[in-house]
J.: 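Could you have a look at this structure, given as structure tokens, before my questions?
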Amino acid sequence: MNFTPLVSDLAFCADALENLPAGERHGALFRICAGAMRILAGHAEEYDREINDSRGFVKHFQETIQDMVSFLKGSGSFAPDPDVAYEKAFVLVEELAVFMREKHLRSACGSENKVCRKLLDFFESSGHWRPGDGTMVTEYYYVVLPVAAMSGLINKLTDLLARHDVSPA
């Protein structure tokens, strides 16, 4: 899915977000976003292989990462505006949540489980994203990805049963 070419940009953004002066509201989102970007950077090849159902978000995610890099580097000797960084990180958190949700549903996350769970918990409990709110992000997160994961499990089970010449009851 092409996360691997983003590894250095993900690491740069994670470092920059963690070092931005921010209040509690901004700091919490920055830490969650930075942690998720580090996980994605460290497991980019796995995500390249496993992210299929949310691939429509990848191009926008790539563009958003490039925008964040330009914003953070473009500030020169001045610290980037935390409010602008917050808005950009918010969009990244939405997309990271979709990717990590898909990976979590497919493989229950590996060693990154703690950071993955923290991001997913934030997504589910922050009040910003609610099931049925009409956004594409929540539609994918709460409906499309779970249905796709269930469909994948049913297909695997059907294949397994067919290999063993057993028909479902």
Side-chain angles (χ1 to χ4, degrees), residues 1-15 17-18 28-29 31-69 88-169:
M1 289 307 329
N2 299 324
F3 291 108
T4 302
L6 299 174
V7 167
S8 61
D9 288 339
L10 289 164
F12 170 78
C13 289
D15 288 342
L17 283 177
E18 287 177 337
L29 183 84
R31 286 187 299 277
I32 288 168
C33 187
M37 286 191 288
R38 287 192 195 292
I39 291 301
L40 184 54
H43 299 270
E45 290 179 7
E46 289 175 48
Y47 279 83
D48 284 345
R49 286 189 308 272
E50 294 183 27
I51 299 303
N52 297 307
D53 298 313
S54 57
R55 65 179 159 253
F57 288 90
V58 173
K59 184 173 193 257
H60 187 263
F61 179 74
Q62 292 167 332
E63 292 167 357
T64 305
I65 288 291
Q66 295 309 313
D67 180 54
M68 180 66 99
V69 168
K88 293 178 182 301
F90 188 89
V91 173
L92 289 171
V93 164
E94 287 184 319
E95 293 170 337
L96 287 161
V98 169
F99 302 142
M100 290 192 172
R101 169 85 159 164
E102 181 174 349
K103 186 170 186 301
H104 180 75
L105 288 169
R106 289 181 178 280
S107 63
C109 292
S111 60
E112 75 275 22
N113 194 30
K114 188 175 182 179
V115 173
C116 176
R117 188 71 255 159
K118 189 172 188 173
L119 173 71
L120 300 181
D121 287 345
F122 176 78
F123 187 92
E124 294 169 9
S125 66
S126 70
H128 294 294
W129 305 276
R130 291 199 166 97
D133 69 8
T135 65
M136 186 177 353
V137 169
T138 58
E139 185 72 14
Y140 263 78
Y141 189 91
Y142 290 109
V143 179
V144 173
L145 294 176
V147 168
M150 184 61 73
S151 176
L153 288 172
I154 290 169
N155 290 338
K156 286 179 183 178
L157 179 59
T158 302
D159 290 346
L160 179 66
L161 292 172
R163 280 196 305 261
H164 294 287
D165 198 25
V166 176
S167 63

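Note: hydrogens, waters and symmetry copies are ignored here, and every other heavy atom, side chains too, is used.
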J.: Kindly determine whether Asn2 and Lys59 satisfy side-chain contact (heavy atoms from CB on, under 4.5 Å), including the steps that lead there.
T.: CA-CA 9 Å; Asn2 299 324; Lys59 184 173 193 257; over 6 Å; no

J.: Under a 3.5 Å threshold, yes or no: a donor from one side chain and an acceptor from the other, between Tyr141 and Glu124?
T.: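 Distance-only check passes for Tyr141 and Glu124.
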
J.: Please report the shortest heavy-atom distance between Val7 and Ala41, naming the atom on each side.
T.: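 In this case the closest contact between Val7 and Ala41 is CG2-O, 3.6 Å.
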
J.: Considering only heavy atoms from C-beta outward, does the side chain of Leu120 approach that of His104 to under 4.5 Å?
T.: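 They are in side-chain contact.
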
J.: Output the distance between atom CG (Leu29) and atom CG (Leu119), rounded to the nearest 0.5 Å.
T.: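 With rounding to 0.5 Å, CG (Leu29) is 9.5 Å from CG (Leu119).
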
J.: Hey, does Met68 have a side-chain heavy atom less than 4.5 Å from the side chain of Asp9?
T.: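 A side-chain contact under 4.5 Å is absent here.
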
J.: Angle between ring planes, Trp129 versus Phe122, binned at 30° and 60°: parallel, tilted or perpendicular?
T.: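 Trp129 and Phe122: perpendicular rings.
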
J.: Should we say atom CD of Glu45 is surrounded by more than 12 heavy atoms from elsewhere, each under 6.0 Å from it?
T.: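 Result for CD/Glu45: open.
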
J.: Hey, what do you get for NZ (Lys88) to CG (Leu17), rounding to the nearest 0.5 Å?
T.: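 Here the rounded value is 11.5 Å.
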
J.: Under the side-chain contact (heavy atoms from CB on, under 4.5 Å) rule, what do Phe3 and His43 come out as? Steps first, then yes or no, please.
T.: CA-CA 9 Å; Phe3 291 108; His43 299 270; over 6 Å; no

J.: If I take atom CD1 from residue Ile39 and atom CG from residue Leu96, how far apart are they, to the nearest 0.5 angstrom?
T.: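 CG of Leu96 is found 11.0 Å from CD1 of Ile39.
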
J.: Which atom pair, heavy atoms only, marks the closest approach of Tyr142 to Arg130?
T.: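 Closest approach of Tyr142 to Arg130: CE1-C, 4.1 Å.
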
J.: Got a second to check how far Leu10's CG is from Phe61's CZ, nearest 0.5 Å?
T.: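 Atom-to-atom, Leu10:CG and Phe61:CZ are 5.0 Å apart.
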
J.: Might you point out which heavy atoms bring Leu105 and Pro146 nearest each other, and give the distance in Å?
T.: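 Taking Leu105 first and Pro146 second, the nearest heavy atoms are CD1-N, 3.7 Å.
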
J.: Would you name the heavy atoms of Val115 and Ala36 that are closest together and state the gap between them?
T.: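 Of all heavy-atom pairs spanning Val115 and Ala36, the closest is CG1-N, 3.8 Å.
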
J.: Between Phe123 and Val98, is any pair of side-chain heavy atoms under 4.5 Å apart?
T.: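 Not touching, per the 4.5 Å side-chain cut-off.
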
J.: Measure the shortest side-chain to side-chain distance between Thr135 and Glu94 over non-hydrogen atoms and say whether it is less than 4.5 angstrom.
T.: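 Sidechains of Glu94 and Thr135: no contact.
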
J.: If I compare all heavy atoms of Lys103 with all of Ile51, which pair ends up nearest, and what's the gap?
T.: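 Lys103 and Ile51 have their closest heavy atoms at N-CD1, 4.1 Å.
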
J.: Within this structure, what is the OG1-CD distance for the pair Thr4 and Glu46, rounded to the nearest 0.5 Å?
T.: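 Between atom OG1 of Thr4 and atom CD of Glu46 there are 10.5 Å.
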
J.: For the residue pair Ala14 and Met37, what are the closest heavy atoms and their distance?
T.: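 Residues Ala14 and Met37, closest heavy atoms: N-CE, 3.8 Å.
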
J.: Less than 4.5 Å apart, any side-chain heavy atom of Glu102 and any of Tyr140?
T.: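 Glu102 does not reach Tyr140 side chain to side chain.
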
J.: Does any N or O in the side chain of Ser151 come within less than 3.5 Å of the main-chain N or O of Val147, such that one atom is a donor and the other an acceptor?
T.: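 Checked: no pair found.
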
J.: Can you tell me how far the CD atom of Glu18 sits from the SG atom of Cys13, to the nearest 0.5 Å?
T.: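 Those atoms lie 11.5 Å apart.
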
